[in-house]
> 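First the structure, which I've put down as structure tokens, then a few questions once you've had a look.
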Amino acid sequence: MPTSNPLLQKGDIGKPRPSVAKLPGPEHVYGKKSMSGQGGTTKEILTNWNDGTAEAGQKAQSLAPGVNYRKMNRTAVQKGMGVTAKQQAEYRKDHVHEHTGLSPVKQSTAKKILPHEKDPDFKYGNKARPSTPMNALMHYEYMADFEKSQASKMQEHKKANAKLPITHTRASLGHFHVDMDKESHLQNFKLKKFANVKSKLHE
């Protein structure tokens with residue numbers, strides 16, 4: 001016998017437990033009705049676009065400027081009547097501040113000049129970074145450029161720290177042209193007391 005107690009309700013093997021509440025028939029559709037006016041499935045709503053009409057534009061332009069609540073609340077506080085919600089309600093009955101100039105609806109419907117209308121070559125979005133030069137990377141071109149730069153730095157360093165060349169004087173240049181005595185040049189120096197002593201090393 002079916003029961004309305006969910007704790008006593010038993011289900012068949014391999015089947016979901018039957019509901020204890022009274023549910024509508026199989027022709028009932030669950031969910032909230034779409035208020036977009038487009039109808040159809042979600043795909044149709046997202047892929048279709050409703051263009052504006054002239055009647056909607058005229059209706060928006062005919063709207064009166066809206067109430068400027070910011071100005072109204074500020075003036076109420078300045079006059080000491082906007083401290084509580086009751087005081088604000090009483091102040092709004094007798095003091096209504098409207099927006100000056102175009103209403104927010106008119107400002108939103110006013111035509112704005114977009115950048116691509118001024119410049120046909122204008123592109124939207126962020127500029128993408130250039131692609132990685134893989135050819136130069138695989139051929140070690142960056143390493144070769146680094147070695148060249150380091151070699152040029154080393155040459156500049158050597159030039160900056162190079163010693164001054166030795167400049168000859170007239171006296172030093174004259175020594176190259178003096179003929180030296182060959183015999184006096186080849187004769188070894190000996191003390192006078194050993195001048196007549198013969199060498200015994202090669203005897």
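Because the structure is predicted, anything quoted here is derived from the model rather than measured.
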> When you group the ILVMFWY residues by side-chain heavy-atom contacts below 4.5 Å and let the links chain together, are Tyr91 and Tyr69 in the same group?
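Tyr69 clusters together with Tyr91.
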> Give a yes or no on whether the backbone of Asn196 and the side-chain of Lys198 come within a donor-acceptor separation of less than 3.5 Å.
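Such a contact is absent between Lys198 side chain and Asn196 backbone.
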> Within the supplied structure, the quantity of interest is the number of heavy atoms (other residues, nucleotides, ligands) at a distance under 6.0 Å from His157 NE2; does it exceed 12?
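Incorrect, the count does not exceed 12.
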> Grouping I, L, V, M, F, W and Y whenever their side-chain heavy atoms are under 4.5 Å apart, do Met143 and Met138 come out in a common cluster?
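Unlinked, Met143 and Met138 end up in two clusters.
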> Within the 4.5 Å heavy-atom criterion, are Phe122 and Glu117 side-chain neighbours or not?
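When only atoms from C-beta onward are counted, Glu117 and Phe122 do not touch, as no gap falls below 4.5 Å.
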> Can you measure from CG (Leu114) to CG (Asp119) and round to the nearest 0.5 angstrom?
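Between atom CG of Leu114 and atom CG of Asp119 there are 12.5 Å.
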> Look up atom CD in Glu156 and atom NZ in Lys159, then write down how far apart they are to the nearest 0.5 Å.
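One gets 7.5 Å once the value is rounded to the nearest 0.5 Å.
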> Once rounded to the nearest 0.5 Å, what's the spacing between atom NE2 of His116 and atom OH of Tyr124?
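If we round to the nearest 0.5 Å, His116:NE2 and Tyr124:OH are 5.0 Å apart.
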> Transitive ILVMFWY cluster of Val29 at side-chain heavy atoms under 4.5 Å: who else is in it?
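Direct or chained contacts put Val29 with none.
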